[in-house]
Amino acid sequence: MHALHHTTMRWRAAGQTFAFLPTMGALHAGHLKLARQGAEMADHVLASIFVNPKQFGPSEDFSRYPRDEAGDIALLQTSGVDLVFAPAPEDIYPEGFATTIHIQGPAKAGLEDRFRPNFFDGVATVVAKLLIAADADYALFGEKDYQQLQVVKQLAHDLGLRTAIVGITTQREPDGFAMSSRNRYLSKIERHQATAIFKNLNQAAVKIRGGAKAQSATRAASRSLTTLGFKVDYVVARNAETLAIPKHQDEPLRLLAAAWLGKTRLIDNIEV
Ligand code: PAF
């Protein structure tokens with residue numbers, strides 16, 4: 001943390017702004033897009049690499065989560081990042097660490113929280129610690145993890161942090177499949193099938209824009225994914241800001257989906 005503060009204090013003393021990009025490494029083109037957007041927004045970009053044990057459930061992929069710190073640092077340096085903060089677990093959670101940040105509202109929307117019960121406590125705790133340590137002008141989060149983005153916005157607002165939370169649109173492969181670190185778990189055949197999530201979300205959005213009821217459009221998308229061999233956790237339409245179940249026709253909507261393909265859990269979301 002000492003080296004981090006030394007550099008960020010120097011930037012601030014020189015009147016320069018900086019954007020912060022928190023990551024768990026295993027970087028892909030989506031992260032690099034975030035880094036480049038940070039470089040356009042601010043004078044400097046700081047990125048962190050930390051695979052946060054607190055946001056993985058006991059049966060999740062913490063131990064096999066892909067790690068390549070040297071490769072990730074090289075990628076970040078070619079994408080406009082000036083400083084990489086890669087703390088050890090004891091830097092973030094020193095002996096005796098006893099705080100957990102527990103958020104309601106968007107963190108209790110019945111989406112990821114329903115299937116990953118401790119996920120947002122773990123995310124909120126580490127993100128709060130990182131945001132406070134970085135004290136950046138902007139922090140960048142991908143819209144791919146849409147519920148996480150709303151949770152982080154709530155956290156920054158509630159804690160009165162000075163950092164502006166900026167959501168960046170999802171980076172997609174040419175067939176529309178959303179980029180993610182976990183995509184590397186997919187076999188070639190699964191990767192080919194996986195594009196159906198985006199396609200079905202898109203079809204549902206088109207139907208809703210054309211006047212169809214959100215619930216019937218998302219149900220049809222869910223049925224179609226099940227027929228294609230996915231094990232669907234949810235395909236739903238929610239209020240785009242609060243993630244609450246929509247009550248009025250003219251609310252801004254977001255369609256969100258999570259489904260298993262073989263042993264890999266995929267999530268995606270789109271604007272209506
Ligand atoms: O989205 C991620 O990569 C992680 O959840 C984050 C925000 C870096 C916190 O560990």
Side-chain angles (χ1 to χ4, degrees), residues 4 19-35 37-38 45-57 60-69 71-73 75-76 79 81 83-93 97 99-103 106-107 109 111-113 115-134 136 138-156 159 161 163-171 178-185 256 258 264-269:
L4 167 71
F20 173 46
L21 169 59
T23 82
M24 297 207 301
L27 302 180
H28 51 73
H31 291 109
L32 305 182
K33 176 183 166 190
L34 293 178
Q37 299 222 353
V45 183
L46 159 72
S48 65
I49 301 175
F50 181 64
V51 186
N52 174 32
K54 285 195 191 291
Q55 69 188 71
F56 289 78
E60 291 183 357
D61 55 349
F62 177 66
S63 55
R64 74 172 181 133
Y65 196 81
R67 290 164 172 87
D68 174 17
E69 198 172 293
D72 286 340
I73 291 174
L75 282 174
L76 289 169
S79 308
V81 172
L83 181 67
V84 179
F85 175 52
E90 58 275 19
D91 295 328
I92 298 294
Y93 302 122
F97 186 95
T99 298
T100 298
I101 301 206
H102 185 67
I103 296 180
L111 302 170
E112 287 307 283
D113 50 299
F115 297 90
R116 306 181 69 190
N118 301 318
F119 177 63
F120 287 119
D121 282 3
V123 167
T125 304
V126 80
V127 168
K129 180 133 193 184
L130 291 169
L131 287 177
I132 291 166
Y138 310 99
L140 311 166
F141 292 83
E143 284 187 346
K144 159 84 177 14
D145 293 288
Y146 195 78
Q147 190 179 5
Q148 169 176 277
L149 171 62
Q150 305 311 315
V151 169
V152 171
K153 283 184 178 167
Q154 182 82 50
L155 165 98
L159 298 185
L161 302 182
T163 306
I165 307 302
V166 184
I168 307 280
T169 50
T170 303
Q171 185 80 357
M179 291 185 186
S180 161
S181 304
R182 289 188 169 98
N183 291 352
R184 59 188 84 185
Y185 297 153
L256 303 104
T264 310
R265 188 169 182 276
L266 301 167
I267 61 170
D268 199 359
N269 66 88

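The analysis underlying the following values was restricted to heavy atoms, covering all of them including side chains, and did not include hydrogens, waters or symmetry mates. Both ligands and their constituent atoms are indexed starting at 1 by order of listing.
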Side chain to side chain donor-acceptor pair (under 3.5 Å) involving R265 - partner list, sequence neighbours excluded: E112, D233
Closest candidate by heavy atom, reference atom 7 (C) of ligand 1, pool K129, Q148, K144: Q148
Closest approach of any protein heavy atom to atom 3 (O) of ligand 1, naming residue and atom: M24 CG, 3.7 Å
Nearest-neighbour protein heavy atom for atom 10 (O) of ligand 1, which is reported as residue plus atom name and distance: Q55 OE1, 2.7 Å
Test item: T169 and K33 side chains (from C-beta on) under 4.5 Å apart, heavy atoms: yes
For V126, the ligand 1 atoms whose distance to one of its heavy atoms is below 4.0 Å: 9 (C), 10 (O)
Test side chain to side chain donor-acceptor pair (under 3.5 Å) applied to D121 - qualifying residues, sequence neighbours left out: H102
T23, any N or O under 3.5 Å of ligand 1 N or O: no
Proximal ligand 1 atoms for P22, defined as those under 4.0 Å from one of its heavy atoms: 8 (C)
S181 side-chain N/O to A26 backbone N/O, donor-acceptor pair under 3.5 Å: yes
Trace of the side chain to side chain contact (heavy atoms under 4.5 Å, CB included) decision for L130 with I92: CA-CA 8 Å; L130 291 169; I92 298 294; 4.0 Å; yes
